[in-house]
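Step one of this worksheet: look at the structure below.
All of these numbers come straight from a predicted model, not from anything done at the bench. Keep in mind that the numbers below use all heavy atoms, side chains included, and drop hydrogens, waters and symmetry copies.
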Amino acid sequence: QVQLVESGGGLVQAGGSLRLSCAASGRTFSSYVMGWFRQAPGKEREFVAAISSTGSRTYDTNSVKGRFTISRDNAKNTVSLQMNSLKPEDTAMYYCAARLTPVIRTLDTEYPYWGQGTQVTVSS
């Protein structure tokens, strides 16, 4: 089992940047596929990006391609989401999630472990 704690959210102007971090507990962090999801008020939670257990493969949703980058540091048990060129529509609660099986998935129901979330607000 893994426990996840996100940080790095905040208020930023459109065009700005934020870096989200997710710290994981446990000795088997390097075995988990890690994902970032977000949920805006009144909307369903949606996939943002994911990274394989070794970090060799990443996948992100079309709306963030070229702007967001997911990365991980298995030595530090952390996964990050660098968000550049932020837009007001990126405003949401951002969640870190983990799944033990090695395949990257984009459905939130495929991830059994979740953090509490960190709020990102982008002003226009």
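- Atom OG1 of T109 sits about 9.0 Å away from atom CZ of R45, to the nearest 0.5 Å.
- Atom-to-atom distance recorded for F47:CZ and E110:CD is 11.5 Å, nearest 0.5 angstrom.
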Quiz item: Between Y95 and M93, is a side chain to side chain contact (heavy atoms under 4.5 Å, CB included) present by the stated rule, with each step listed?
Solution: CA-CA 7 Å; Y95 298 90; M93 184 72 78; 3.4 Å; yes

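- When the options I70, V64, T69 are evaluated for a side-chain contact (heavy atoms from CB on, under 4.5 Å) with L81, the one that passes is I70.
- Counting only heavy atoms from C-beta outward, the side chains of E46 and R38 approach each other to under 4.5 Å.
- Using a 4.5 Å cut-off between side-chain heavy atoms of Ile, Leu, Val, Met, Phe, Trp and Tyr, with links allowed through other members, Y94 and V33 fall into different hydrophobic clusters.
- Between F37 and W114, the ring planes are tilted. Angles from 30° to 60° get that label.
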Table please: side-chain donor-acceptor pairs of residues 8-21 below 3.5 Å, with sequence neighbours left out.
unit_1: S17; atom_1: OG; unit_2: N84; atom_2: OD1; d: 2.9
unit_1: R19; atom_1: NH1; unit_2: Q82; atom_2: OE1; d: 3.1

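- The neighbour count for Q119 CD, taken as heavy atoms of other residues, nucleotides or ligands under 6.0 Å away, is above 12.
- I104 and M34 are members of different hydrophobic clusters when ILVMFWY side chains are connected at heavy-atom separations under 4.5 Å.
- Applying the 6.0 Å contact sphere to CD of E44 captures no more than 12 heavy atoms from other residues, nucleotides or ligands.
- For the residue pair Y111/R99, the side-chain donor-acceptor check at 3.5 Å is not satisfied.
- Residue-environment remark: NZ (K43) stays at or below the threshold of 12 foreign heavy atoms within 6.0 Å.
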